[in-house]
Amino acid sequence: MAVTIKARLDLFQPEMRRLLTGPVGPVLTFVRGVARRVRTRAVLTCPVDSGRLRSAHREEVGVRRGTVYGLVTNDVEYAEYVHDGTGPHAIRPRRPGGVLRFETGGQVVFTTIVRHPGTRPQPWLREAMEHEARQSGFRIVRR
């Protein structure tokens, strides 16, 4: 003779919200771990000149309007130009009638305009996010 046991588990909305978005809930804990790994990888792969760019990575994890989010950012004023590169552009003096002064090949040069060829992108932050997303089982969708 077979015995059938029926069990019912009722999870009320506040309990579900606490499990999913509470400070120690599994979803928030998971997102926090992914954000930490993205930040660590970004710091290790960031281009370095003075170290200022490398030291400016920040992570934020939280809940906004019922959605769990994780952010890794770098707010150094030139981070976007290093990350995304620049196209060719002109460099001019800040003051009207001023000149630019720089050294090249041991020579001091004075000029009113420099035509910069641009810089190649070094997308360390996006690459860190994509690597950790794949490792965590996410599918990357480009828009």
Side-chain angles (χ1 to χ4, degrees), residues 4-143:
T4 302
I5 299 174
K6 293 184 179 182
R8 179 177 167 175
L9 175 63
D10 290 327
L11 292 173
F12 298 103
Q13 188 174 2
E15 292 169 351
M16 285 295 292
R17 185 175 292 117
R18 185 178 49 78
L19 278 174
L20 295 175
T21 62
V24 293
V27 175
L28 203 65
T29 301
F30 175 75
V31 171
R32 184 176 291 118
V34 172
R36 174 68 39 94
R37 290 191 301 276
V38 169
R39 178 174 176 250
T40 299
R41 185 169 195 80
V43 166
L44 294 174
T45 59
C46 177
V48 179
D49 183 18
S50 67
R52 184 168 169 229
L53 190 64
R54 176 174 276 176
S55 67
H57 290 89
R58 303 286 178 259
E59 66 186 79
E60 178 185 336
V61 177
V63 181
R64 189 177 301 137
R65 285 181 253 142
T67 300
V68 177
Y69 69 91
L71 300 173
V72 178
T73 60
N74 190 310
D75 60 1
V76 170
E77 65 275 2
Y78 57 86
E80 179 182 2
Y81 303 121
V82 175
H83 192 273
D84 299 335
T86 63
H89 58 280
I91 301 173
R92 293 186 172 84
R94 290 183 183 154
R95 284 184 256 150
V99 293
L100 299 168
R101 178 194 181 278
F102 59 93
E103 291 184 36
T104 182
Q107 297 282 328
V108 176
V109 177
F110 294 92
T111 185
T112 57
I113 188 169
V114 172
R115 299 197 188 285
H116 193 284
T119 57
R120 66 179 175 79
Q122 300 179 67
W124 80 95
L125 195 51
R126 186 185 72 233
E127 289 169 355
M129 183 274 304
E130 289 174 350
H131 178 270
E132 292 306 322
R134 279 190 218 96
Q135 294 293 317
S136 299
F138 291 103
R139 184 172 55 97
I140 296 174
V141 178
R142 298 212 188 267
R143 292 182 188 219

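Residue indices begin at 1 and follow the sequence shown. Small disclaimer: the values here were computed from a predicted structure and weren't measured.
T111 approaches I113 most closely through the heavy-atom pair OG1-O, 3.2 Å. For the residue pair L53 and A79, the shortest heavy atom distance occurs at CD1-CB, 3.6 Å. A pairwise comparison of heavy atoms in V61 and V31 identifies CG1-CG1, 4.0 Å as the closest pair. Residues V38 and A128 approach most closely at O-CB, 3.7 Å, considering heavy atoms.
Classification of the H116-H89 ring pair by plane angle, with boundaries at 30° and 60°, yields parallel.
Looking at H83, its side chain does come within 3.5 Å of a backbone N or O of R126 through a donor-acceptor pair. Looking at R39, its side chain does come within 3.5 Å of a backbone N or O of H57 through a donor-acceptor pair. A distance-only check finds no donor-acceptor pair linking the side chain of S136 to the backbone of A133 [under 3.5 Å].
Partners of E132 under the salt bridge (Lys or Arg N to Asp or Glu O under 4.0 Å) rule, at least two apart in sequence or in another chain, are R37.
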Full working for side chain to side chain contact (heavy atoms under 4.5 Å, CB included) between V76 and R52: CA-CA 8 Å; V76 170; R52 184 168 169 229; 4.1 Å; yes

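Between the CG atom of D75 and the CD atom of E80 there is a distance of 12.5 Å, given to the nearest 0.5 Å. Atom OG1 of T40 and atom CD of E59 lie 7.5 Å apart (nearest 0.5 Å). Here T45 contributes atom OG1 and R54 contributes atom CZ; the two are 8.0 Å apart, rounded to the nearest 0.5 Å.
Side-chain contact between L44 and W124: absent, with no pair of heavy atoms (C-beta onward) separated by less than 4.5 Å. You'll find the side chain of V114 reaches within 4.5 Å of the side chain of F102, heavy atoms only.
Enclosure of atom CZ in R32 by more than 12 non-hydrogen atoms of other residues, nucleotides or ligands within 6.0 angstrom is indicated. For R92, the CZ atom sits in a loose shell: 12 or fewer heavy atoms of surrounding residues, nucleotides or ligands are nearer than 6.0 Å. For E77, the CD atom counts as densely surrounded, since its 6.0 Å shell holds more than 12 non-hydrogen atoms of other residues, nucleotides or ligands.
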